[in-house]
Visitor: 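Let me begin by handing over the structure; questions about it come next.
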Amino acid sequence: MLELRRSDRCRLGHACVADRYAKRIERFFEWSPAMANAQLAHPYFEVRAIAAKYADVFHLPALLQDPDETVRWSAAQRLPQRHLVKMAADPHREVRIRVALRLAPAQLARMMGDSDYHVRVLVARRLPLALLTQMRADPDGQVRIEVARRLEPPALLAMMKDADPAVRAVVAQRLAPALLAPMIADADWQVRYAVAQRIDSAALWPLLADEDEAVREAARLRHANPSAARNELQEGRQ
């Protein structure tokens with residue numbers, strides 16, 4: 001450490017591992033990354049967390065059981081897949097979020113039932129399509145929206161009657177026009193509006209008398225000039 005001070009790579013109040021401010025600790029390791037391995041057991045969690053960003057990867061598995069979640073999620077951002085799998089059930093959501101972002105898609109099935117909705121959202125974005133159907137009944141609407149954004153027919157058809165209108169609206173935006181007829185009478189106007197924009201022109205007539213003005217107008221434009229109306233509606237959403 002004396003050598004570091006002499007070389008001006010360790011300065012109190014500017015760049016020092018003994019500081020309490022994260023930026024100064026970070027600066028210390030930026031200037032002296034070779035010191036990171038030796039600091040992974042430092043008593044201050046911030047030092048351990050920042051050291052994990054610079055330490056040799058083969059030293060990081062020791063942090064899997066670190067008592068502080070900040071240290072664990074810092075390690076999770078660099079650990080190899082074989083170690084990352086072990087962190088999929090970490091007790092802290094921030095750690096599991098990092099794992100869900102990095103874990104190989106084929107390994108994500110173990111996180112489909114995570115207790116945190118945001119973790120499941122990330123899983124739904126990256127899970128292989130062959131497994132994604134298992135998340136269609138997720139209890140959180142935001143998760144089901146992510147599922148609906150990725151599924152293709154016929155798997156997507158099962159979400160036409162989802163309890164959340166926001167999910168049904170996504171379904172209406174993605175299904176082939178010829179499959180939208182069952183959604184013409186949806187209880188939510190936003191879903192019917194999405195249907196009016198995309199359903200085959202020949203099937204538009206029920207929406208011309210819809211109770212919602214926006215839906216009626218969308219249907220009227222499509223009915224009058226299908227090609228021009230589609231372009232006008234598209235521009236209006238931008």
Side-chain angles (χ1 to χ4, degrees), residues 93-94 96-101 103 105 108-109 111-238:
R93 71 182 295 269
E94 292 297 332
R96 301 196 307 278
I97 284 172
R98 268 74 178 180
V99 174
L101 286 168
L103 197 61
L108 280 173
M111 302 187 78
M112 287 192 299
D114 193 275
S115 60
D116 187 88
Y117 90 95
H118 186 59
V119 173
R120 301 197 306 277
V121 164
L122 297 175
V123 172
R125 289 175 182 171
R126 303 184 60 236
L127 194 70
L129 286 175
L131 299 173
L132 192 57
T133 54
Q134 298 178 45
M135 298 190 75
R136 286 183 304 200
D138 189 277
D140 189 89
Q142 191 58 49
V143 176
R144 299 198 304 279
I145 284 175
E146 295 298 331
V147 174
R149 284 173 176 166
R150 294 187 59 213
L151 284 181
E152 297 291 344
L156 187 58
L157 289 168
M159 302 189 78
M160 292 175 71
K161 295 184 179 181
D162 191 276
D164 190 332
V167 176
R168 300 197 303 274
V170 172
V171 174
Q173 291 161 10
R174 298 197 60 242
L175 279 177
L179 299 175
L180 290 174
M183 304 188 80
I184 283 179
D186 191 277
D188 190 88
W189 76 269
Q190 295 178 82
V191 178
R192 300 195 306 277
Y193 183 78
V195 172
Q197 294 180 61
R198 303 187 60 250
I199 197 168
D200 291 337
S201 299
L204 268 174
W205 64 269
L207 296 172
L208 292 169
D210 193 272
E211 63 183 33
D212 186 90
E213 182 180 355
V215 177
R216 292 197 304 273
E217 180 65 10
R220 186 191 66 77
L221 289 171
R222 291 282 314 288
H223 183 71
N225 191 334
S227 298
R230 186 177 299 110
N231 293 336
E232 181 179 333
L233 288 166
Q234 187 67 38
E235 290 173 1
R237 292 198 301 271
Q238 294 176 351

Visitor: Return the minimal non-hydrogen interatomic distance between Ala169 and Val191, and the atom names on each side.
Guide: N-CG2, 3.8 Å

Visitor: In chain order, what residues pass the side chain to side chain contact (heavy atoms under 4.5 Å, CB included) check against Ala158, with sequence neighbours excluded?
Guide: Arg136

Visitor: Could you note down all residue pairs passing salt bridge (Lys or Arg N to Asp or Glu O under 4.0 Å) where residues 175-185 supplies at least one of them, sequence neighbours left out?
Guide: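 As it turns out, there is no salt bridge (Lys or Arg N to Asp or Glu O under 4.0 Å) pair with a partner in residues 175-185 once direct neighbours are skipped.
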
Visitor: Nearest 0.5 Å please: distance from the CG atom of Leu204 over to the CG atom of Asp210.
Guide: 11.0 Å

Visitor: Quick test of your reading: applying salt bridge (Lys or Arg N to Asp or Glu O under 4.0 Å), list the pairs with at least one residue in residues 154-163, sequence neighbours left out, ordered by first then second residue.
Guide: Arg144-Asp162

Visitor: For Arg93, which residues count as a salt bridge (Lys or Arg N to Asp or Glu O under 4.0 Å) partner, sequence neighbours excluded?
Guide: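 Salt bridge (Lys or Arg N to Asp or Glu O under 4.0 Å) list for Arg93, sorted by chain: Asp116.
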
Visitor: Could you tell me whether Asp188 and Arg168 make a salt bridge, using a distance below 4.0 angstrom between a side-chain N and a carboxylate O?
Guide: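 Here Asp188 does not pair with Arg168 in a salt bridge, since their nearest N and O are not under 4.0 Å apart.
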
Visitor: Can you tell me how far apart CZ (Arg216) and CG (Leu207) are? Round to the nearest 0.5 Å.
Guide: 11.0 Å

Visitor: To the closest 0.5 Å, what do you measure between CG (Leu175) and CG (Leu180)?
Guide: 5.5 Å

Visitor: What pairs with Glu94 under side chain to side chain donor-acceptor pair (under 3.5 Å), at least two apart in sequence or on another chain?
Guide: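 Only Arg98 meet the side chain to side chain donor-acceptor pair (under 3.5 Å) criterion with Glu94.
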
Visitor: Could you pull out the closest heavy-atom pair between Leu127 and Ala109, with the gap in Å?
Guide: CD1-N, 3.7 Å

Visitor: Nearest 0.5 Å please: distance from the CD1 atom of Ile145 over to the CZ atom of Arg150.
Guide: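 Interatomic distance, Ile145 CD1 to Arg150 CZ, rounded to 0.5 Å: 15.0 Å.
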
Visitor: Under the salt bridge (Lys or Arg N to Asp or Glu O under 4.0 Å) test, which residues partner Glu211, sequence neighbours left out?
Guide: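 Only Arg192 meet the salt bridge (Lys or Arg N to Asp or Glu O under 4.0 Å) criterion with Glu211.
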
Visitor: Just jot down the side chain to side chain contact (heavy atoms under 4.5 Å, CB included) partners of Glu152, sequence neighbours excluded, or say none.
Guide: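 Only Arg174 meet the side chain to side chain contact (heavy atoms under 4.5 Å, CB included) criterion with Glu152.
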
Visitor: Using salt bridge (Lys or Arg N to Asp or Glu O under 4.0 Å) as the criterion, list what pairs up with Arg126, not counting sequence neighbours.
Guide: none

Visitor: Taking only residues two or more places apart in sequence, or in another chain, which ones meet Arg125 in a side chain to side chain donor-acceptor pair (under 3.5 Å)?
Guide: Glu146

Visitor: Over all heavy atoms of both residues, which pair between Ala124 and Val147 is shortest? Give the atoms and the distance, please.
Guide: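 Heavy-atom minimum between the residues: CB-CG2, 4.1 Å.
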
Visitor: Drop me the distance from Met135's CE to Asp140's CG, to the nearest 0.5 angstrom.
Guide: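 Met135 atom CE to Asp140 atom CG measures 9.5 Å (nearest 0.5 Å).
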
Visitor: Ignoring hydrogens, what is the shortest heavy-atom contact between Pro165 and Ala163? Give both atom names and the distance.
Guide: CD-O, 3.6 Å

Visitor: Can you tell me how far CG of Leu156 sits from CG of Leu132, rounded to the nearest 0.5 angstrom?
Guide: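 It is 10.0 Å, given to the nearest 0.5 Å.
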
Visitor: Any side-chain to backbone donor/acceptor pair from Arg96 onto Met111? Under 3.5 Å, distance only.
Guide: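 A pair under 3.5 Å: no.
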
Visitor: Compare all side-chain heavy atoms of Ile184 with those of Ile199 and state whether any distance is below 4.5 angstrom.
Guide: yes

Visitor: In chain order, what residues pass the side chain to side chain contact (heavy atoms under 4.5 Å, CB included) check against Pro154, with sequence neighbours excluded?
Guide: Leu157

Visitor: Which atom names give the shortest non-hydrogen contact between Val171 and Ala148, and what distance separates them?
Guide: CG2-CB, 4.1 Å

Visitor: Determine the minimum heavy-atom distance between Met160 and Leu179, stating which atoms define it.
Guide: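 Minimum heavy-atom separation between Met160 and Leu179: CE-O, 3.8 Å.
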
Visitor: Would you please name every residue forming a side chain to side chain contact (heavy atoms under 4.5 Å, CB included) with Ala214, sequence neighbours left out?
Guide: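 Partners of Ala214 under the side chain to side chain contact (heavy atoms under 4.5 Å, CB included) test: Trp189, Tyr193, Asp212.
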
